[in-house]
Amino acid sequence: MRDLAAELAEAGITPRIADAVAFAEQNEVLLARHTETGVDIDVSRAWIPFELEALESASNESLGGVRTSIALPEDLIIFKAVAWRPHDQQDVERLLALYGSRIDLDRIRRYVTAFGEALEIDRIAALDALIDRIVKR
């Protein structure tokens, strides 16, 4: 993770918390910020089957001249429904408003239910409430 942080720093992406590398090694996510724009970036290691599947289905895009993988909206919703912090909930609302009629809601529910069971958290009721409120069927 230290090598990755150094490589990102060369591109103007720097840690946004103290001891970011130690945090990343413990939590599998490097909390960074693009210095010029102030945009926060979470860099996560993929190691569970869902994360690997999300990487395989991501599209490769050019952003500011840099090639990067962009996750499908469904996968972003799943990641954010598991974290479920206030800004994640807002992001889920926005993603549902933008893509709700074109995404696989059953797949999202399946994964969120499975993660909820594994982590002993209940997210599906709150997620379903958002889906019912936002997605026009």
Side-chain angles (χ1 to χ4, degrees):
M1 204 48 96
R2 190 167 306 284
D3 292 342
L4 175 60
E7 191 173 325
L8 290 171
E10 291 177 17
I13 299 170
T14 57
R16 68 176 192 253
I17 63 170
D19 298 324
V21 172
F23 179 89
E25 289 171 347
Q26 181 177 1
N27 297 286
E28 302 294 333
V29 63
L30 178 66
L31 303 176
R33 178 171 289 126
H34 183 250
T35 307
E36 185 178 329
T37 62
V39 172
D40 288 345
I41 302 167
D42 295 352
V43 181
S44 177
R45 288 185 189 173
W47 60 278
I48 63 173
F50 167 72
E51 293 169 328
L52 297 172
E53 181 183 322
L55 280 175
E56 287 178 23
S57 61
S59 63
N60 288 313
E61 306 292 335
S62 179
L63 298 173
V66 176
R67 300 285 309 164
T68 189
S69 295
I70 305 294
L72 294 174
E74 291 99 315
D75 295 334
L76 291 173
I77 290 171
I78 294 164
F79 282 122
K80 290 187 167 289
V82 172
W84 211 240
R85 298 162 296 194
H87 68 273
D88 294 307
Q89 293 173 42
Q90 293 171 351
D91 290 344
V92 168
E93 287 184 40
R94 288 183 195 104
L95 288 164
L96 287 170
L98 289 168
Y99 302 101
S101 63
R102 300 182 305 234
I103 58 177
D104 187 347
L105 294 172
D106 290 335
R107 179 173 174 270
I108 292 169
R109 287 184 177 102
R110 255 190 334 274
Y111 272 111
V112 171
T113 298
F115 278 120
E117 290 169 359
L119 298 171
E120 298 179 352
I121 55 175
D122 180 16
R123 295 284 192 268
I124 198 65
L127 178 63
D128 274 338
L130 279 180
I131 291 170
D132 290 342
R133 183 168 54 84
I134 295 170
V135 178
K136 309 296 183 231
R137 298 170 204 224

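Keep in mind that this is a model prediction, so the values were computed, not measured. We count residues from 1, following the sequence as given.
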Q: State plainly whether the residues R16 and D42 are in salt-bridge range, i.e. N to O under 4.0 Å.
A: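 Here R16 pairs with D42 in a salt bridge, since their nearest N and O are under 4.0 Å apart.
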
Q: Is any side-chain heavy atom of L98 closer than 4.5 Å to a side-chain heavy atom of P73?
A: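 L98 vs P73: side chains apart.
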
Q: Roughly how far apart are I108 CD1 and E74 CD, rounded to 0.5 Å?
A: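 Atom-to-atom, I108:CD1 and E74:CD are 5.5 Å apart.
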
Q: Locate the shortest heavy-atom distance separating A58 from S69; write the atom from each residue and the value.
A: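 Minimum heavy-atom contact is CB-CB, 4.0 Å.
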
Q: If we check side-chain contact (heavy atoms from CB on, under 4.5 Å) with L127, which of these qualifies: V112, D132, T113?
A: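 Answer to the side-chain contact (heavy atoms from CB on, under 4.5 Å) test with L127 among V112, D132, T113: V112.
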
Q: Would you say I131 and V82 are hydrophobically clustered, going by side-chain heavy atoms of ILVMFWY under 4.5 Å?
A: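 Yes, because I131 and V82 connect within a single hydrophobic cluster, where side-chain heavy atoms sit under 4.5 Å apart.
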
Q: Drop me the distance from I103's CD1 to L96's CG, to the nearest 0.5 angstrom.
A: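 So the gap between those two atoms works out to 5.5 Å.
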
Q: Same cluster or not: are I78 and L119 linked, directly or through other Ile, Leu, Val, Met, Phe, Trp or Tyr residues, by side-chain heavy atoms under 4.5 angstrom apart?
A: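 Result: yes, single cluster for both.
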
Q: So, applying side-chain contact (heavy atoms from CB on, under 4.5 Å) with E93, which one of I77, D88, I134 is it?
A: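 It is I134; the other options fail the test.
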
Q: Any sub-3.5 Å donor-acceptor pair from E51's side-chain atoms to W47's backbone N or O?
A: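 Judged by distance alone, yes, a pair lies under 3.5 Å.
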
Q: Answer yes or no: is there a donor N or O on one side and an acceptor on the other, between the side chain of E28 and the main chain of S44, under 3.5 Å?
A: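 No, the answer is negative, given that no donor and acceptor are paired below the 3.5 Å cut-off.
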
Q: Taking atom NE2 of H87 and atom CZ of R94, what is their separation to the nearest 0.5 Å?
A: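 Answer for the NE2-CZ pair, H87 versus R94, is 10.5 Å.
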
Q: Indicate, with yes or no, if I124 and I121 share a hydrophobic cluster defined by side-chain heavy-atom contacts under 4.5 Å among Ile, Leu, Val, Met, Phe, Trp and Tyr.
A: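 Looking at the clustering, I124 is in the same group as I121.
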
Q: Excluding sequence neighbours, so at least two apart, what forms ring-ring contact (aromatic ring centres under 6.0 Å, His included) with F50?
A: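 Partners of F50 by the ring-ring contact (aromatic ring centres under 6.0 Å, His included) criterion, ordered by chain and then number, come out as F79, Y111, F115.
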
Q: Determine the minimum heavy-atom distance between V135 and S101, stating which atoms define it.
A: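 It is CG1-N, 4.3 Å.
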
Q: Do I70 and L52 share a hydrophobic cluster, counting only Ile, Leu, Val, Met, Phe, Trp and Tyr and linking them when any side-chain heavy atoms are less than 4.5 Å apart?
A: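 In one cluster with I70: L52, no.
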
Q: For residues Y99 and L130: do they belong to one hydrophobic cluster (side chain heavy atoms under 4.5 Å, members Ile, Leu, Val, Met, Phe, Trp, Tyr)?
A: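 Yes, it is one cluster - the side chains of Y99 and L130 are joined through contacts under 4.5 Å.
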
Q: Any chance you could measure N60, atom CG, to T68, atom OG1, to the nearest 0.5 Å?
A: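 Reported to 0.5 Å precision, the distance equals 8.0 Å.
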
Q: Closest approach of A20 and L31, non-hydrogen atoms and distance?
A: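 Looking at all heavy atoms of both residues, the shortest contact is CB-O, 4.3 Å.
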
Q: Side-chain contact, heavy-atom cut-off 4.5 Å: L30 with L8?
A: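 They are in side-chain contact.
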
Q: Between R123 and A81, is there a donor-acceptor pair closer than 3.5 Å when you use the side chain of the first and the backbone of the second?
A: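 Present.
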
Q: How long is the span from the CG atom in L95 to the CD atom in Q90, to the nearest 0.5 Å?
A: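 Rounded to the nearest 0.5 Å, the CG-CD separation comes out at 12.0 Å.
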
Q: Measuring from atom CZ of R102 to atom CG of L72, what distance do you get when rounded to the nearest 0.5 angstrom?
A: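 Reported to 0.5 Å precision, the distance equals 12.0 Å.
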
Q: So which atom in A5 and which in V21 form the shortest heavy-atom distance, rounded to 0.1 Å?
A: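 Minimum heavy-atom separation between A5 and V21: CB-CG2, 3.9 Å.
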
